[in-house]
Amino acid sequence: MSELRRTPIKQLLSEGRAHPSVTVQGWVRTRRDSKGGFSFIELNDGSCLKNLQIIADHTLASWQELQAKIHTGACLEISGELIESEGKKQSVEMRAGELKVFGEADPEHYPLQKKFHSLEYLREIAHLRPRTNTIGAVMRVRSRLAYAVHQFFVDRGFIYLHTPIITSSDCEGAGEMFQVTTLDLDKPPRVDGAVDFKEDFFGEKTGLTVSGQLEGEIYAMALSLVYTFGPTFRAENSHTSRHLSEFWMIEPEMAFYDLENDMDLAEEFIKYLLGEVLEHCHDDLEFFNQRVDKNLLTTLAHVKDTPFEHIDYTKAVELLRKSNQKFEYAVEWGGHLQSEHERYLAETVFKKPVIIYDYPEKIKPFYMKMNQDGKTVRAMDVLLPRLGEIIGGSQREDDYEVLKSRFDAKGIDPKEYWWYLDLRRFGSAPHSGFGLGFERMVQFATGVENIRDVIPFPRFPKHAKF
RNA sequence: UCCGGAGUGGCGCAACGGUAGCGCAGACGGCUGUUAACCGUAAGGUUACAGGUUCGAAUCCUGUCUCCGGAGCCA
């Protein structure tokens, strides 16, 4: 093992050159036997979508025994000569010189055979599903997107900020929190009948973060440009193909950005991410284009190259009301735009990404900046065709008095946010930010319909296995 | 949480009141520089669970559980 010089299959295939001696390690996808006294083994090591075809013949030491152990799923190490392939489907293939079986996979019991498996079934075997083409490809794209996120912001002078996972602030309105406690749930300490959180680990009630935004604002008021990229938790009982209880969110926060700057950055960001995967994940995207969504590559290129539509909430409402489209929910100024409305705008009216901005203040949280009209706030949502909302953001209220009155209007105790108000008391600055749900981006980039298939180990109500 | 759909061999499906069949995978045999390989043989199911209706239930009814789609909430 220690002297091993393994070459990733990706490298062998992309170079496409013969080589007298190479070593590969990986898992068997299929084996096809020839009575000519040899077998074709398709080996995959996860470095890329494609397999390396290996020719193993009876001249190998103890070939009979080995062959009996080589089934779909077995893990092998093979050394040999890389030669130009006689077959048409690959440029190079390997003629095995030495073959070692690391681990067998009993075909009677191995759940992943060389046949189609539904994504629903694969979810039940989340410990084995990374060995499939689809999940492997998703995770390579996901990884590339994560890398691109950092590239994008670092290239633009942003500081990567780690905001806390455990927190006592709940970023009002973002969602239900998971509670974090070390109290004995059978007999918690009580004062006046209520649970006494002074006795809890942190001396107060704490939970898992639902957003790093407020902490992001703190650091933007010092470092100017910051972004967070980390796990986020929502204890909502939502059962949809677009929600997870644990998901990854990217939240940039920028001092001296107004809402227009914010929207421009959001658009540039999405286009950058798509450009990166189009450039670097070609085989995987091609696979999705064939197997998952025939229009995927066209859609991605279109979104990457087309300017997003900008429309304010009031005009969007007018447009929806004037349309002859029948909606399940009536459209009224002051109400939330429903999924069907958003989809209609992005898919039917504009047929491209749409940014809706200047929402009624009553349906948005306290921290968004009030407009001159006193009725709307500087909020924006980016909607993608098929997927719906992928980004929500706003310019933040930077005026101390206005913010205080917003607390009062929403019935929030300003004492809870004394530090947040301090940012407006001392050296306040106009600033903006947004949040992008990373898994939704992976969904959009791959065309995979259910969000549970774009994260290695999905967490959703009643599901925390693996 | 609400609305709709579905649970049948390992997986994907059929049979929709008359006693369960096909494809794939797996086993065995044959054939082949094969590549979603191909051909043949045998094997594999108390039809999610618990009750009920009926001469008879996978099929109809009730309840429970699970999964999928949609809605709400959002990212």
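Below, chain A is the first sequence line, B the second, and so on; all start at residue 1.
- Across all strands, A:I250 comes closer than 4.0 Å to no nucleic acid atom at all (heavy-atom distances).
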Under 3.5 Å between N/O atoms: give me all the protein pairs with nucleotides 2-9 of chain B, atom names plus distance.
none

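- Nearest-nucleotide positions on RNA chain B place A:N237 closer to the 5' end than the other of A:G87 and A:N237.
- The separation of B:rG18 from B:rG23, taken at their P atoms, amounts to 23 Å, rounded to a whole angstrom.
- One C1' atom belongs to B:rC68, the other to B:rG12, and the distance between them is 15 Å to the nearest Å.
- Contacts of A:F116 with the nucleic acid, taken as non-hydrogen atoms under 4.0 Å apart, involve only primed sugar atoms and P, OP1 or OP2.
- As rounded to the nearest Å, B:rA58 and B:rU46 have P atoms that lie 13 Å from one another.
- Using a 4.0 Å heavy-atom distance criterion, A:F438 is classed as making no nucleic acid contact.
- Contact annotation for A:Y121: backbone-only contact, meaning every heavy-atom pair under 4.0 Å involves sugar-phosphate atoms and none involves a base.
- Rounded to whole Å, the P atom of B:rA20 lies 23 Å from the corresponding atom of B:rC24.
- Ring centers of A:F233 and A:F247: at least 6.0 Å apart, outside the cut-off.
- Base engagement by A:Q53 is indicated by at least one non-hydrogen atom pair under 4.0 Å involving a base atom.
- The same atom, P, is picked in B:rA25 and in B:rC38; the two are 7 Å apart, to the nearest Å.
- In the set B:rA37, B:rA71, B:rG33, B:rA71 carries the atom at the smallest distance from any side-chain atom of A:Q338.
- At a threshold of 4.0 Å, the pair A:E124-A:K465 does not count as salt-bridged, since none of the basic side-chain nitrogens sits closer than that to a carboxylate oxygen.
- Comparing B:rU34, B:rG26, B:rC68 against the side chain of A:E93 picks out B:rU34 as the nearest.
- A centroid separation of less than 6.0 Å is found between the aromatic rings of A:Y160 and A:H162.
- Contact of A:R32 with B:rC38 (side chain to base): no donor-acceptor pair of N or O atoms is detected under 3.5 Å.
- Base contact: A:S85 has a heavy atom under 4.0 Å from a base atom.
- Ion pairing between a basic and an acidic side chain is recognised when a charged N comes within 4.0 Å of a carboxylate O; A:E397 and A:K369 show such pairing.
- Separating the C1' atom of B:rU47 from that of B:rU19 is a span of 12 Å, rounded to the nearest Å.
- Between the C1' atoms of B:rC49 and B:rC65, the separation comes to 7 Å (whole Å).
- B:rG45 and B:rU8 have their C1' atoms separated by 8 Å, given to the nearest Å.
- The distance between atom CD of A:E389 and atom P of B:rA75, rounded to the nearest whole Å, is 6 Å.
- The line from NE2 of A:H431 to CG of A:N261 is 13.5 Å long, rounded to the nearest 0.5 Å.
- For B:rC11, neither phosphate oxygen OP1 nor OP2 lies less than 4.0 angstrom from any side-chain nitrogen or oxygen of A:R123.
- Note on A:R17 versus A:E84: no salt bridge recorded, every NZ/NE/NH1/NH2 to OD/OE distance being 4.0 Å or above.
- When the nucleotides B:rC74, B:rU34, B:rA27 are ranked by their closest atom to the side chain of A:E108, B:rA27 comes out on top.
- Computed from coordinates, the A:F38 CZ to B:rU32 P distance equals 10 Å when rounded to whole Å.
- Across all strands, A:E86 comes closer than 4.0 Å to base atoms (heavy-atom distances).
- Using a 4.0 Å heavy-atom criterion, one finds that A:S118 contacts the sugar-phosphate atoms exclusively.
- Between A:E42 and A:R32, at least one side-chain nitrogen of the basic residue sits less than 4.0 Å from a carboxylate oxygen of the acidic one, meeting the salt-bridge criterion.
- Distance NZ (A:K89) to C1' (B:rG33): 14 Å, rounded to an integer number of Å.
- Nucleic acid contact class of A:E246 (heavy atoms, under 4.0 Å, all strands): none.
- Both A:P107 and A:H117 lie near RNA chain B, and the one whose nearest nucleotide falls closer to the 5' end is A:H117.
- Salt-bridge annotation for A:E361 and A:R406: present, with a side-chain N of the basic residue lying under 4.0 Å from a carboxylate O of the acidic one.
- If you check B:rA6 for Watson-Crick or wobble pairing at under 3.5 angstrom, you find it paired to B:rU66.
- A:K88 comes within 4.0 angstrom of a base, heavy atoms only.
- Judged by distance alone, with hydrogens and angles left aside, A:H336 brings no side-chain donor or acceptor close enough to the base of B:rC73 to form a pair under 3.5 Å.
- Closest to the side chain of A:K114, out of B:rG33, B:rA25, B:rA75, is B:rA25.
- With rounding to whole Å, A:R242 atom CZ is found 9 Å from B:rC74 atom C1'.
- At a threshold of 4.0 Å, the pair A:R386-A:D293 counts as salt-bridged, since one of the basic side-chain nitrogens sits closer than that to a carboxylate oxygen.
- Rounded to whole angstrom, the span from the CD atom of A:E449 across to the C1' atom of B:rC68 amounts to 12 Å.
- Two rings, from A:H150 and A:Y227, have their centers less than 6.0 Å apart.
- Nucleic acid contact for A:S241: sugar-phosphate only, since backbone atoms but no base atoms lie under 4.0 Å from a heavy atom of the residue.
- Among the atoms of the strands shown, none is found under 4.0 Å from any heavy atom of A:E340.
- A:N51 comes within 4.0 angstrom of no nucleic acid atom, judged by non-hydrogen atoms across all strands.
- A:R291 comes within 4.0 angstrom of no nucleic acid atom, judged by non-hydrogen atoms across all strands.
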